[in-house]
*Asks:* 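Before I ask anything, let me first share the structure, which is written out below as structure tokens.
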2 protein chains.
Amino acid sequence: MNPETETSYPRSERRDASENRQRILKAAQKLFDKNGVEQVSMNQIASEAQVGSATLYRRYSNKSELCQDLIKDNVVTIFMDIDNYLEQNHTVPPSQRLRGLLSLFINFREKKIPLLAGIEESSPSNSFRSRLSSTPFNELRQYLVRLFDEINEAEQAHFNSVFRADILIIALSSDSYLFQREVRGYSPENILELICGMFISH
Amino acid sequence: MNPETETSYPRSERRDASENRQRILKAAQKLFDKNGVEQVSMNQIASEAQVGSATLYRRYSNKSELCQDLIKDNVVTIFMDIDNYLEQNHTVPPSQRLRGLLSLFINFREKKIPLLAGIEESSPSNSFRSRLSSTPFNELRQYLVRLFDEINEAEQAHFNSVFRADILIIALSSDSYLFQREVRGYSPENILELICGMFISH
DNA sequence: AGTATAAACGGGGACGTCTCCACTTGTCAA
DNA sequence: TTGACAAGTGGAGACGTCCCCGTTTATACT
């Protein structure tokens, strides 16, 4: 989103701009909590934050980007957890590590359903391509590809790791995940099992 | 969409209403061809069809429904082709029939990229759930489930057929399919191979 | 043919996204 | 401190979705 980290260089972001950004995030969080991400419009956020709509749009060109900024810290944390897990289990077979990773990610995904749905939510501008490339999923992809490669090696197989990762990721996207949760009635644990059943050879 | 078939009972749709519906479909087709589905707004369609926007919305509450009506006949045709294929090959192993079915469907999918993208396109109202339940994909699902069941039986396996069908369908959704086509650079044939590699045991 | 009535119409308005641009304000060099 | 100027602002407006509701019109029954 914004190229700088939380407390950015004074050279690159003016003080008032930074204050506005904080107010925007705070207002968005508040409105999201109260009304649900879906129900909140960019207009409402701007007016709650007491900035003009142009100011809001200059920072976040749609709700998706705003959600990504709101979830940023949690994403950092979950991937630190994943790194930890992978490090501490680097001796177990890759398929088991994949399972552990998915369990961690699904747990995170479950806790962050509203914001993740907001990220993938569609706005007129937001081309659908962006949904598969949002930060959390994009980062996950690299981990998956690496593990699938390892699995291929361990099992003398030659599946296309990138493709498998792509499919696994859309299976975890809001569209699919919430469909399984709400329409099919599966629990997060069910979904983990089903995915493992598909992506980890029996 | 509309509960009646093409030439519906005069009792249930007034003559003027029917004429308007035809004009809407014609106008939409024309604008879609000229400017691309994505670029055309409901307003433009209404004005090209010379009906008020309320009239348009009363028939098609969003572009997705309109696209579904425009593609309806092609959907009927492709599933007739699929039925034919399955009938004529009912003796070959189910995994091979699955492959044939996917080949037919991907071929259709490829020819109808714009309208299928339009169906899955998001409008403020159109809850994301509807994307996985649009007619063409919904119909495909039943075929997939049946074939997966057969494959399970033939191979003494116990995969969850419905889940596998769900995942296969989102892999064929515009989001995923166009990502593979445009970002990954795969051809329809490549995609068929990749999918078969994932869903048909080696 | 004439009329009652329900079906269909469409303009206008509420609200949404998003951008242009004239104006304000923070920052840095002098 | 001050002034130049880049950085930032916000309101207005173009355009979009969607629906309310007063008006028109096709249809069925007499």
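A quick note: this is a predicted structure, and the numbers were derived from the prediction, not measured. Protein chains get the first letters and strands the later ones, always in sequence-line order, with residue 1 at the start of each.
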*Asks:* Decide whether A:Thr77 and A:Asn74 meet the rule of one side-chain donor and one side-chain acceptor closer than 3.5 Å.
*Replies:*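 There is no such pair between these side chains.
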*Asks:* Provide, to the nearest angstrom, the distance between the CD atom belonging to A:Glu19 and the C1' atom belonging to C:dT27.
*Replies:*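 Computing the A:Glu19:CD to C:dT27:C1' distance gives 14 Å.
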*Asks:* Take atom NZ of A:Lys112 as the centre, draw a 6.0 Å sphere, and report whether it contains more than 12 heavy atoms from other residues, nucleotides or ligands.
*Replies:*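 No, NZ of A:Lys112 has 12 or fewer neighbouring heavy atoms, counting only those of other groups under 6.0 Å.
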*Asks:* How does each nucleotide of nucleotides 7-16 of chain D score, in 5' to 3' order, for protein heavy atoms under 4.0 Å: base (B), sugar-phosphate only (S), or none (-)?
*Replies:* BSBBBB---S
*Asks:* Should B:Tyr143 and B:Phe105 be marked as a ring-ring contact (aromatic ring centres under 6.0 Å, His included) after you check the CA-CA gap, both sets of side-chain angles, and the distance that decides it?
*Replies:* CA-CA 11 Å; B:Tyr143 287 80; B:Phe105 190 84; 9.6 Å; no
*Asks:* Taking atom P of C:dC28 as reference, at what distance in whole Å does atom CZ of A:Arg15 sit?
*Replies:*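 Going from CZ in A:Arg15 over to P in C:dC28 covers 11 Å.
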*Asks:* Between B:Leu66 (CG) and D:dC18 (C1'), how many Å, whole number?
*Replies:*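 In whole Å, D:dC18 C1' and B:Leu66 CG are 15 Å from each other.
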*Asks:* Distance check needed: C:dC15 P versus A:Glu38 CD, whole Å only.
*Replies:*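 Going from CD in A:Glu38 over to P in C:dC15 covers 19 Å.
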*Asks:* Are B:Arg109 and B:Ser174 linked by a side-chain donor-acceptor pair shorter than 3.5 Å?
*Replies:*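 Their side chains do contain a donor-acceptor pair, which is all the 3.5 Å distance test asks for.
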*Asks:* Any salt bridge linking B:Glu110 with B:Arg181? Criterion: basic side-chain nitrogen under 4.0 Å from a carboxylate oxygen.
*Replies:*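 Result for this pair is yes, salt bridge flagged.
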*Asks:* Given A:Phe159, which of A:Asp149, A:Asn152, A:Ile151 fulfils the side chain to side chain contact (heavy atoms under 4.5 Å, CB included) condition?
*Replies:*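 Answer after filtering A:Asp149, A:Asn152, A:Ile151: A:Asn152.
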